[in-house]
2 protein chains.
Amino acid sequence: MRILLLEDEKELANALSAALNKHGIVTDHTMHLADAIELTRQHPYDAILLDRRLPDGEGLTLIPKLRRSGTDTPIIVLTARNEPLERVEGLETGADDYLGKPFLVEELLARLRAVLRRPSSLAEPGIAAGRMMIDSLHLNVTIDSMPLDLPRRELLVLVTLAKRKDKTVLRPTLEAAVYNYEEEIQSNALDAHISRLRKRLLDAGAGVTIHNIRGVGYLLKEE
Amino acid sequence: MRILLLEDEKELANALSAALNKHGIVTDHTMHLADAIELTRQHPYDAILLDRRLPDGEGLTLIPKLRRSGTDTPIIVLTARNEPLERVEGLETGADDYLGKPFLVEELLARLRAVLRRPSSLAEPGIAAGRMMIDSLHLNVTIDSMPLDLPRRELLVLVTLAKRKDKTVLRPTLEAAVYNYEEEIQSNALDAHISRLRKRLLDAGAGVTIHNIRGVGYLLKEE
DNA sequence: CTGCGAAGGTTGCAGCAGCATTACGGAGCT
DNA sequence: AGCTCCGTAATGCTGCTGCAACCTTCGCAG
């Protein structure tokens with residue numbers, strides 16, 4: 001892990017660098033705001049520690065500059081200016097955390113880790129089918145990122161088929177996905193939905209077709 | 001934005017709920033650790049506020065449980081136990097931030113926003129939609145940098161839709177974003193908000209429209 | 001190859017669930 | 001007191017959806 005330290009007090013900076021170093025953290029140090037942008041361009045730091053009072057200005061002013069330049073590196077403000085309103089100011093400017101001096105190195109480390117902790121992304125991949133993208137969790141369907149709106153029952157049919165793309169879905173399984181126990185159907189309502197859905201998919205140029213397997217069920221295929 | 005508050009002091013909890021509510025944050029409250037896991041399963045909170053001393057145990061013990069159950073929701077510890085070493089302990093346990101009581105609501109808000117701004121968070125700070133810019137953390141809406149002020153509930157609806165621009169938002173999702181589990185609605189209150197919001201957006205020339213998908217939900221589109 | 005029965009496809013139609021809009025009054029804030 | 005916000009309910013409307021009638025396709029056996 002490598003971080004950038006902006007701090008004007010040489011002694012503190014050296015002590016901090018040494019302490020962090022023992023924890024396996026490499027620290028680059030500068031006391032000039034002007035250097036900071038260039039340094040972040042040269043190296044993608046894991047975090048930035050920022051003093052507010054620096055020889056060439058208020059440290060907080062760096063934050064919007066960095067953000068505008070596209071950096072989303074976590075920033076922790078380290079400062080003696082530790083009044084509640086000043087803390088609010090710091091966080092509102094875009095700092096990820098704010099730590100008043102003096103502080104325990106242990107606390108800084110803990111906050112660093114808290115800031116860096118990146119939980120495993122549970123990003124739902126979404127199902128690609130033909131030219132469609134289907135988000136089965138939120139029930140939306142897009143074609144070339146244009147939303148395609150389908151009536152509820154047709155939507156449920158489509159999602160169910162798409163989840164098992166290229167595999168047969170038994171008719172009772174489909175019915176169960178679209179109707180609950182209370183809603184009984186005594187007709188070919190499901191067939192009707194399939195038919196209407198096919199038409200809509202065709203009109204929209206979805207790039208998929210729904211095949212029937214006689215006596216068994218249905219199957220969604222890409223063209 | 002909707003958060004879960006674990007706090008045993010009823011008065012503080014109510015006051016905090018009310019204060020956050022005014023800032024457009026919907027709060028669910030419980031004082032039992034045992035409820036927390038179940039509640040997080042029912043609703044994906046944007047953040048969790050956690051007291052350490054709770055009737056059924058130390059609040060911190062909840063954190064590893066939540067993390068093991070796959071929740072990556074940011075957790076802010078709110079507690080009177082505010083010694084440096086206790087703070088370290090809290091952060092090491094996996095809290096994203098640690099705030100000693102008493103605190104200013106302003107600071108809590110700032111820290112909440114800071115935590116939600118982190119890259120791991122799903123919250124997008126600024127959303128462009130039509131001629132609007134929406135700051136989902138501060139709940140500000142501007143049109144050509146002129147502020148547009150909307151009633152709280154309509155604002156929540158708009159932000160929720162804007163966060164998923166061009167994608168359907170299921171009706172229950174929308175309800176959950178606007179009402180907590182104590183506020184039940186037995187009428188078409190949500191529909192009424194949508195209707196009034198539409199009118200306001202039209203009058204303001206926001207450049208977006210809200211579409212309904214029958215039986216499924218709503219969808220915000222740019223014109 | 002041809003005929004037959006069953007499964008599936010298509011489509012019009014009527015009923016109704018779901019939505020849009022608006023007025024009204026209570027509650028809360030300044 | 002005056003204002004806005006917000007939940008409720010009444011009203012009207014749209015179009016989804018189940019149904020049924022009719023048509024097409026498929027599989028199979030003679």
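Just the heavy atoms: all of them, side chains too, but no hydrogens, waters or symmetry mates, feed the values below. Order of the sequence lines sets the chain letters (A, B, ...), proteins ahead of strands, with each chain counted from 1.
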Out of curiosity, A:Tyr218 OH to A:Leu190 CG, how far, rounded to the nearest 0.5 Å?
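If we round to the nearest 0.5 Å, A:Tyr218:OH and A:Leu190:CG are 6.0 Å apart.
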To the nearest angstrom, how far is [X] atom [atom1] from [N] atom [atom2]?
{"X": "B:Leu174", "N": "C:dG18", "atom1": "CG", "atom2": "P", "value": "17 Å"}
{"X": "A:Ile194", "N": "D:dT25", "atom1": "CD1", "atom2": "C1'", "value": "16 Å"}
{"X": "B:Leu170", "N": "C:dG18", "atom1": "CG", "atom2": "P", "value": "15 Å"}
{"X": "A:Asn212", "N": "D:dT25", "atom1": "CG", "atom2": "C1'", "value": "10 Å"}
{"X": "A:Leu197", "N": "C:dT10", "atom1": "CG", "atom2": "C1'", "value": "14 Å"}

Does [N] have its OP1 or OP2 closer than 4.0 Å to a side-chain nitrogen or oxygen of [X]?
{"X": "B:Tyr218", "N": "C:dA20", "answer": "yes"}
{"X": "B:Ser195", "N": "C:dA20", "answer": "no"}
{"X": "B:Arg171", "N": "C:dG18", "answer": "no"}

Quick tally for nucleotides 3-14 of chain D: nucleotides whose base has a protein heavy atom under 4.0 Å get B, sugar-phosphate-only ones S, the rest -, giving --SBBBBB---B
Can you spot which of A:Arg87, A:Glu86, A:Arg81 makes a side chain to side chain contact (heavy atoms under 4.5 Å, CB included) with A:Glu83?
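It is A:Glu86; the other options fail the test.
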NA contact type, A:Asp191, heavy-atom cut-off 4.0 Å: base, sugar-phosphate, or nothing?
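A:Asp191: base contact, heavy atoms under 4.0 Å.
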Verify the distance criterion only: is there a donor paired with an acceptor across the side chains of [X] and [Y] at less than 3.5 Å?
{"X": "B:His29", "Y": "B:Thr27", "result": "no"}
{"X": "B:Asp35", "Y": "B:His32", "result": "no"}
{"X": "A:His193", "Y": "A:Ser195", "result": "no"}

So that I can tick it off, tell me whether B:Arg111 and A:Asp96 are bridged by a salt bridge, with the cut-off set at under 4.0 angstrom between side-chain N and carboxylate O.
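Not counted as a salt bridge, because no side-chain N and carboxylate O are separated by less than 4.0 Å.
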Tell me whether B:Arg153 is salt-bridged to B:Glu183, with the criterion being a basic N under 4.0 Å from an acidic carboxylate O.
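A salt bridge links B:Arg153 with B:Glu183.
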Given that B:Lys199 and A:Val216 both sit by DNA chain C, which one's nearest nucleotide is further toward the 5' end?
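This one resolves to A:Val216.
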Which protein N or O atoms sit under 3.5 Å from an N or O of nucleotides 26-30 of chain C?
none

Tell me which pairs pass salt bridge (charged side-chain N to carboxylate O under 4.0 Å, His left out) where either residue lies in residues 192-217 of chain B, with sequence neighbours left out.
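The answer is B:Glu154-B:Arg200.
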Short question: side chain of B:Thr168, backbone of B:Leu170 - any donor-acceptor pair under 3.5 Å?
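Not a single qualifying donor-acceptor pair exists.
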